Amino acid sequence: MAALAALLGASAPASAVDAVRVNRDVTAIDLTSAIERYRSDGDVIQISTAPGTDGIVRRIAVRAREAGTRPDWIVFALTNDGDEQIDRLLVAPHFLLPGSGVIWPDLGASRIAAITASQGIRPDRLEEPGADLFLLTLDPGTTVTFVAELRGPDVPKLLLFERGVYREKQNGLTLYKGIIIGIAGLLALFLTVIFVVKGALIFPAAAALAWAVLAYAGIDFGFFQRVFPLAEDAERIYRAAAEAILAATLLVFLFAYLNLNRWHVRYGHVTLLWLAFLAGLVALAVVDPPVAAGVARISLAAVAGIGFILVLHLATHGYDRAVMLIPTWLLLVVWVTAAGFTVLGRLESDLVAPALIGGLVLIVMLIGFTVMQHAFSGGALAHGSASEAERRALALSGSGDVVFDWDVVSDRVYVSPEVETLLGLSRGALSGPARDFLDAIHPFDRDRSGAALDALIEQRRGRIAQDFRLRAAQGTYHWFRLKARPVVGTDGEAIRIVGTLSDVTENKTSEERLLVDAVHDNLTGLPNRQLFEDRLDAALAFAAQDPTLRPAVLMVDLDRFKAVNEAAGLAGGDAILLTLARRLGRLLRPQDTLARMAGDAFAVILLSERDPERVMAFAEMMRRALSTPVTHAEREMFLTASIGVALHDQTADTRREDVIRKAEIAIAHAKRQGGNRIEIFKPTMQTGRDDRLALAADLRRALERGEMKVEFHAVVRLEDRTVAGFEAQLRWDHPRLGRLSPATFVTIAEETGTIASLAGFVLERAAQELASWQAALDVDPPIFASVRLPSRQLLRQDFLGEVKTVLARTGVLPGSLKLELAESLVMENPEYAAQMLARLRDLGAGLSLDEFGTGYSSLAYLQRFPFDTIRIDRSFVRDLARSGRPSILRAIVRLAGELGMDVVAEGAETEEEATALADLGCDYAQGPVFGVPMTPIQARRFIGATPEAA
């Protein structure tokens, strides 16, 4: 007795349970709500039984199957009030989709390990896949308490069936499940066959989805468990993996069917990452099936939801595949919603789970029908048997143009809906009478377009290619090009006008931008010199008709802006110019014109002021605005400007050239007076036009008048006295002063901003001549031409582009067009010069260092400069003739040889000097002894490169 007391004290007693009455007429009872659950602290549990017919409550102790364990228990009681013995089947399903949960879902396992009856016949376990099945026997007039030891923490469902009813139910479900699995299997096989026949990506994706659904249905219906007996843990792994694979195949089908990679490459990246994540879930199912299944269920819902949004988005953009998928995907969203309510326990019917599997198969069947429609649509066209009309329709669709059709007889215009969508108009807004269509055209284009269409009707032949603007819903206009021709009926009259409309807005915008750029400055956006002169012509023409109109021209030139460029850099100088242009622009009225004439020169056509005093007041206002400090890089830049004013003289100012010249003479006079001044042109300023300031005014028009000439001075190879190349030299044939050398006008060109135009001119002419020489002469090394760059202003980005263009256009051999730069010019800013010279060399230009030895130079920098030629100044050659001591000259030649450079000596006047240079190892020489500068024709004859000689 002591041992029994100790045994019974090992567990706390449980209270008595309420019994469930079992009648023979009741064939099925849900005991889930009638069971009591216990968690024991040991391997024995004490239970107070339900009161019997005598009202006595007994206490029983039940021991676990394995000693030392602490299993969970359930207790329930059944009462048989009848006078006959009752047999019932106790059913505890292993897996139930309803209430299984989303996070860490219950994937099923054996629920009941053993069951003990308080009296009567011991329950017998029956073999049943997918459920724990026990046969319970209740004697007449007895109340039996049953204690069940659980394998896991809970029993989600506990049912009591009459044996025949349970078998009938199972047979009915088995038939239903067999039909569903059969349909799913046939569908998977059929889609696989389609995949073999058609190789597009949507077909293997659809087949994979069908096989995944078949696998999921087979596991959920217990089909695979019957064919391939599985352990409980393996069944949970397969169930979790099947759910992950179902989500993955659904994602693959969505990606393949909608061809998402076509819309954006990121869609492909997101899909690959998602698939990699789902593949990881399949691997996770081996370790932790509940977690893998929970994440897979969330992913399946996400694919359905996000996919539905994506389908709607693409459908609204006119994608046919998306439109066709809307019903199927909507059904999928409904299915996912129902499945969510089911796993959360909101839907608990026994038929919910089989119905969901059947719905999933139905969805796959609809997907299969959609895929088949794509597989077999357009058969004739796909096999190349299209008619001519079909080919034209396909070509029109592929071109991106839209249809324009005007039924002249019924006066109805039809335009494809794409145009209305582009313009934001409602469907059919452009369809209707021709009058309504013409009303949508821009007023400036309406009459011209209507006349062109009327001409087609009247002439009954021909074609038109008409550009016009159509008004959008927001009030903006889009450019369209109409290409159309008439269709003539049997009576010889035009019955239709048919053609295409294409959107040419981008082309028109580009053309307008090019037109604007052609007459506007790229930096400031102001009118350039060409547009300024055109507007000045118009102003002078109006002034000739209206005596009250007195246009004044004000020329503005910044003083010492070269120093600003040196201090702030080229980019900083451009920013300062842009600031000053905006200041000046704010002073003008709408009828006035501000233009940028050159680098730091501006001009104004003033029409808003007519009184000379008011014009001078305006000029003073401009001067003050320009003298206000400009902040750049946390520094204040103080600038001044010289302003030349040419007032209108109705008796004399009839040509714009005269007016501009007067303003330039006035500004030159202001410069001569020290700058920061306003000067009005006076006739006395024209005296002494040969001075430096008047020369600046003439220099601006020298190129246009053809006064600039290029001559070529031969460079001779001292070894064999053959012509190795030429140096291009610019000359100005001034109409009054005669021929002027560059030394006379280069400084003026720098100040007036025309140096770039002059350098481009001589560079272009030298390259053209060099190309003709090289085409006529096949010599090695090739003949070369040198062009001197006399100004540091030429080492700019725009000059690099000009050199590149000239080399590409003329096709001269690399390194044969040499650019000469003075040593003093390079050493002003050696770091910047080294960068620009390297870029010139990379473009294919040769580089020559001029006037070497005449100033201070650093040999360290000289090694860094990519020069291939050194030009020795004529002073060294002159000293050689006088003293006969060539020490310095010999050192220079030796230094050049060590650096791998050629040497050209300038100023060789006698044969003795040429011989001495050759003895010193000098490569080339140039000077009067070898001839004087020649015209291009003379140079061709000199080297035998004339067409006759060639």
Side-chain angles (χ1 to χ4, degrees), residues 39 65-66 68-72 92-113 129-132 149-157 205 208-209 211-255 269-306 336 339-340 342-345 353 356-357 360:
R39 181 177 296 275
R65 292 185 309 153
E66 298 182 5
T69 60
R70 293 185 296 175
D72 293 324
H94 290 174
F95 174 76
L96 287 176
L97 186 63
S100 60
V102 177
I103 307 299
W104 287 284
D106 183 359
L107 298 181
S110 178
R111 305 293 183 178
I112 300 177
D132 292 322
E149 177 186 348
L150 303 183
R151 294 186 185 273
D154 194 12
V155 176
K157 200 77 171 178
L209 177 61
W211 284 109
V213 170
L214 176 62
Y216 181 77
I219 293 175
D220 194 77
F221 285 166
F223 176 77
F224 288 160
Q225 294 87 323
R226 293 179 183 273
V227 178
F228 309 104
L230 301 175
E232 291 183 3
D233 293 340
E235 181 179 344
R236 298 169 73 232
I237 292 173
Y238 288 160
R239 190 180 299 279
E243 293 183 1
I245 293 173
L246 179 62
T249 53
L250 187 64
L251 177 63
V252 170
F253 170 76
L254 180 67
F255 176 82
H269 296 162
V270 172
T271 302
L272 287 177
L273 290 176
W274 203 335
L275 286 177
F277 173 72
L278 293 175
L281 288 184
V282 176
L284 180 63
V286 179
V287 180
D288 195 338
V291 173
V295 178
R297 291 179 178 184
I298 295 174
S299 295
L300 184 62
V303 172
I306 296 175
V336 169
T342 300
V343 299
L344 293 175
L356 286 176
I357 299 298
L360 187 59

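As the structure is a computational prediction, the values presented were derived from the model and not from experiment.
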Below 4.5 Å, heavy atoms only, C-beta onward: do [X] and [Y] meet side chain to side chain?
| X | Y | value |
| --- | --- | --- |
| Pro105 | Val343 | no |
| Tyr216 | Ile245 | no |
| Ile237 | Leu107 | no |
| Ile103 | Val291 | no |
| Leu344 | Val102 | yes |
| Val155 | Asp132 | no |

All side chain to side chain contact (heavy atoms under 4.5 Å, CB included) counterparts of Val336, not counting sequence neighbours: Ala301, Ala304, Leu332

For [Y], does its backbone N or O pair with a side-chain atom of [X] as donor and acceptor, under 3.5 Å?
| X | Y | answer |
| --- | --- | --- |
| Asp72 | Leu150 | no |
| Arg111 | Pro93 | yes |
| Glu149 | Pro71 | no |

Using every non-hydrogen atom in the two residues, find where [X] and [Y] come nearest and quote the distance to one decimal.
| X | Y | result |
| --- | --- | --- |
| Ala208 | Thr249 | O-CG2, 3.8 Å |
| Ala247 | Leu278 | C-CD1, 3.8 Å |
| Ala241 | Ala285 | N-CB, 4.0 Å |
| Leu281 | Ala244 | CB-CB, 4.0 Å |
| Ala205 | Phe253 | CB-CA, 3.8 Å |

To the nearest 0.5 Å, what is the distance between CZ on Arg236 and NE2 on His94?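 So the gap between those two atoms works out to 12.5 Å.
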
What is the distance from atom CG of Leu275 to atom OG of Ser299, rounded to the nearest 0.5 Å? 10.5 Å

I need the single residue from Val303, Leu300, Ile306 that forms a side chain to side chain contact (heavy atoms under 4.5 Å, CB included) with Leu251. Which is it? Val303

CA sep, side-chain torsions, deciding dist, call: Leu284, Val295, side-chain contact (heavy atoms from CB on, under 4.5 Å): CA-CA 10 Å; Leu284 180 63; Val295 178; 5.7 Å; no

Mind jotting down which residue pairs meet the salt bridge (Lys or Arg N to Asp or Glu O under 4.0 Å) criterion with at least one end in residues 275-298? Sequence neighbours excluded, please. Glu243-Arg297

